[in-house]
Amino acid sequence: MTPERPSLVGFVGLGNMGWPMAHNLAAAGLQLVVRDADPEVEQRFAGEHGSRIARSAADFGDATIVVTMLPDERVVADAVLAWDGGIAAALEPGAVVVDMSSSNPIGTQALGRQLAERSVELIDAPVSGGIARATDGTLSIMIGADDEGAVERALPVLEVLGAKLFRTGARGSGHAMKALNNFLGAAAYTTTAEALRIGAHFGLEPETMLEVINSSTGRSFNSEVVFPQDVVTGRYATRFALGLLAKDAGIAASLADAADVDAPACRLVSARWADALAQLGGAADHSEAHKGWWVGDVADPRHHVA
């Protein structure tokens, strides 16, 4: 049985990822009420898509599904519980909040308990695939939930946004999976940058190294895409902020601590990205992280890794 399409979907966060995701929902014929911290972004999206702008939390009252696509769990909690009394306070019992942000699963579990007291269900559904797949509606979505009925009610939204939907387990498991996936990505970036840096001292050109690596066992998304397209070229335009990946690596390290798992590589990668964040700031493109590790290198982007 196909789940019933929601009559109104709330969408909070119209950033680099949120805008194309909300666009796809509108293009699929879903009616939206939207909220963003930037009023100009709200106005532009509403004007282009015929959506309503939420001037107050009460404007979400008729929404049965509310999607959040925000920087972290603290911003999500502020929107859902605090802004104008909290969006959750305006929702009818049985409504579902779908947090698609990269949030800390410990915070997700706490927020879920608070929403349950209001008879509102929370599911975590973070995404992977970047802006390109957000635009195409082909994201991978990791779904954590305690209530299967809530997942079913959210499916008409999730199926518009993603090509691969993974049911990961209980509430918080989706956000844990996202943090761990991004830890692996951060680790691959770190080791690729270090390999190219070391190789330069033996006369190896970055292009040659990447060609060999990508034909061998050391290949990764970073060696195949990020370094050839954005690092070696000096383009630095993945549009994924360094601060967000540093945050996710930090979340992964905190999960290792919470689980009492001996995970020194996880902690080292988290520390490495924290160093880059301190040097370059959170708004830098994540493909620039190596600049923060070898401060003082010449301006030529090739020499930051070579």
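Considering all non-hydrogen atoms of both residues, Ser7 and Thr64 come closest at N-OG1, 4.4 Å. Minimum interatomic distance between Met209 and Ala195 (heavy atoms only, all atoms of both residues): CE-O, 3.3 Å. When all heavy atoms of Ala134 and Leu139 are compared, the pair lying nearest together is N-CD2, 3.6 Å. Closest approach of Asp59 to Val33, counting heavy atoms only: O-CG2, 3.8 Å. In plain terms, the two heavy atoms of Leu158 and Ile143 that are nearest each other are CD1-CD1, 3.7 Å. Ser101 and Asp99 make their closest contact through OG-OD1, 2.6 Å (heavy atoms, listed as atom of the first residue, atom of the second, distance).
You'll find the side chain of Val151 reaches within 4.5 Å of the side chain of Arg167, heavy atoms only. Within the 4.5 Å cutoff, no side-chain heavy atoms of Val98 are placed close to those of Val66. Inter-residue side-chain proximity for Pro156 and Arg5 is flagged as met; some heavy-atom pair is nearer than 4.5 Å. The closest side-chain heavy-atom distance from Glu48 to Trp19 is below 4.5 Å. The shortest side-chain heavy-atom distance between Val67 and Val157 falls under the 4.5 Å cut-off. With contacts defined as side-chain heavy-atom distances shorter than 4.5 Å, the pair Glu73/Leu111 does not qualify. A heavy-atom distance below 4.5 Å is not found between the side chains of Thr233 and Pro228. Contact of the Arg272 side chain with the Tyr189 side chain is not registered, since no non-hydrogen atoms from C-beta on lie closer than 4.5 Å.
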Worksheet entry | Full working for side chain to side chain contact (heavy atoms under 4.5 Å, CB included) between Val231 and His290 | CA-CA 9 Å; Val231 178; His290 55 84; 3.4 Å; yes
Discussion item. Side chain to side chain contact (heavy atoms under 4.5 Å, CB included), that's the test. Do Leu255 and Val261 meet it? Break it down for me.
Written reply: CA-CA 9 Å; Leu255 297 182; Val261 172; over 6 Å; no
Practice prompt. Give the intermediate values and the outcome of side chain to side chain contact (heavy atoms under 4.5 Å, CB included) for residues Thr190 and Trp293.
Written response: CA-CA 10 Å; Thr190 303; Trp293 300 332; 3.6 Å; yes
Item to complete: Dump the intermediate steps for side chain to side chain contact (heavy atoms under 4.5 Å, CB included) on Leu115 and Val97, then the final yes or no.
Response: CA-CA 9 Å; Leu115 295 187; Val97 174; 4.1 Å; yes
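For Trp83, there are no ring pair (Phe, Tyr, Trp, His ring centres under 6.0 Å) partners, not counting sequence neighbours.
Linking ILVMFWY side-chain heavy atoms closer than 4.5 Å, directly or via other members, places Val226 and Leu280 in a single hydrophobic cluster. Cluster annotation: Met17 is connected to Ile141 through the hydrophobic network of ILVMFWY side chains, with a link wherever side-chain heavy atoms come within less than 4.5 Å. If you chain together hydrophobic residues whose side chains sit under 4.5 Å apart, Leu91 and Leu70 fall into the same group. Criterion: ILVMFWY side-chain heavy atoms under 4.5 Å apart, direct or through other members. Under it, Val127 and Leu122 are not part of a common hydrophobic cluster. No continuous path of hydrophobic side-chain contacts links Leu268 to Leu277 [ILVMFWY only; heavy atoms under 4.5 Å].
Atom CG in Leu25 sits 11.0 Å away from atom CD1 in Ile65 (nearest 0.5 Å). From Leu244, atom CG reaches atom CG of Asn182 across 9.5 Å, with rounding to the nearest 0.5 Å. Atom CG of Leu14 and atom CZ of Arg35 lie 10.5 Å apart (nearest 0.5 Å). Distance check: Arg153 CZ to Ile123 CD1 gives 9.0 Å after rounding to the nearest 0.5 Å. The distance from atom CG of Asp84 to atom OG of Ser56, rounded to the nearest 0.5 Å, is 5.0 Å. Atom NE2 of His201 and atom CG of Leu204 lie 11.5 Å apart (nearest 0.5 Å).
Checked by atom type, the side-chain pair Asn222/Ser220 shows no donor-acceptor distance below 3.5 Å. Using modelled atom types and a 3.5 Å distance limit, the side chains of Ser223 and Asn214 yield a donor-acceptor pair. Residues Arg133 and Ser128 bring no donor and acceptor atom of their side chains to less than 3.5 Å of each other.
A salt bridge does not link Glu211 to Arg219: none of the charged side-chain nitrogens sits closer than 4.0 Å to a carboxylate oxygen.
Using the six-membered ring where Trp is involved, Phe240 and His286 have ring planes that are perpendicular, over 60° apart on the 30 and 60° scheme. Using cut-offs of 30° and 60° for the angle between ring planes, the His49 and His23 rings count as perpendicular.
Within the structure, salt bridge (charged side-chain N to carboxylate O under 4.0 Å, His left out) pairs that include any residue of residues 107-124 comprise Glu121-Arg171 (at least two apart or interchain). Judged as a salt bridge (charged side-chain N to carboxylate O under 4.0 Å, His left out), not a single pair has a partner in residues 60-71 (not counting sequence neighbours). Applying the salt bridge (charged side-chain N to carboxylate O under 4.0 Å, His left out) test to residues at least two apart or on different chains, the pairs with a partner in residues 273-288 are Glu288-Lys291.
Lys247 places a side-chain N or O within 3.5 Å of a backbone atom of Pro71 that can act as its donor or acceptor partner. Ser270 contributes no side-chain N or O that, together with a main-chain N or O of Cys266, makes up a donor-acceptor pair within less than 3.5 Å.
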List the atom pairs, with distances to 0.1 Å, where a side-chain N or O of residues 37-46 and a protein N or O form a donor-acceptor pair under 3.5 Å, not counting sequence neighbours.
from: Asp38; atom 1: OD1; to: Glu40; atom 2: N; distance (Å): 2.9
from: Glu42; atom 1: OE2; to: Asp36; atom 2: N; distance (Å): 2.9

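No more than 12 heavy atoms of other residues, nucleotides or ligands sit less than 6.0 Å from atom CZ of Arg74.
Cation-pi geometry between Arg267 and Trp273 is not met at under 6.0 angstrom from the ring centre and within 45 degrees of the axis.
The hydrophobic cluster around Phe166 extends to none of the other residues, as no ILVMFWY side-chain heavy atom falls under 4.5 Å of it.
Paired with His175 under the rule side chain to side chain donor-acceptor pair (under 3.5 Å), one option of Asp248, Asn104, Thr108 passes, and it is Thr108.
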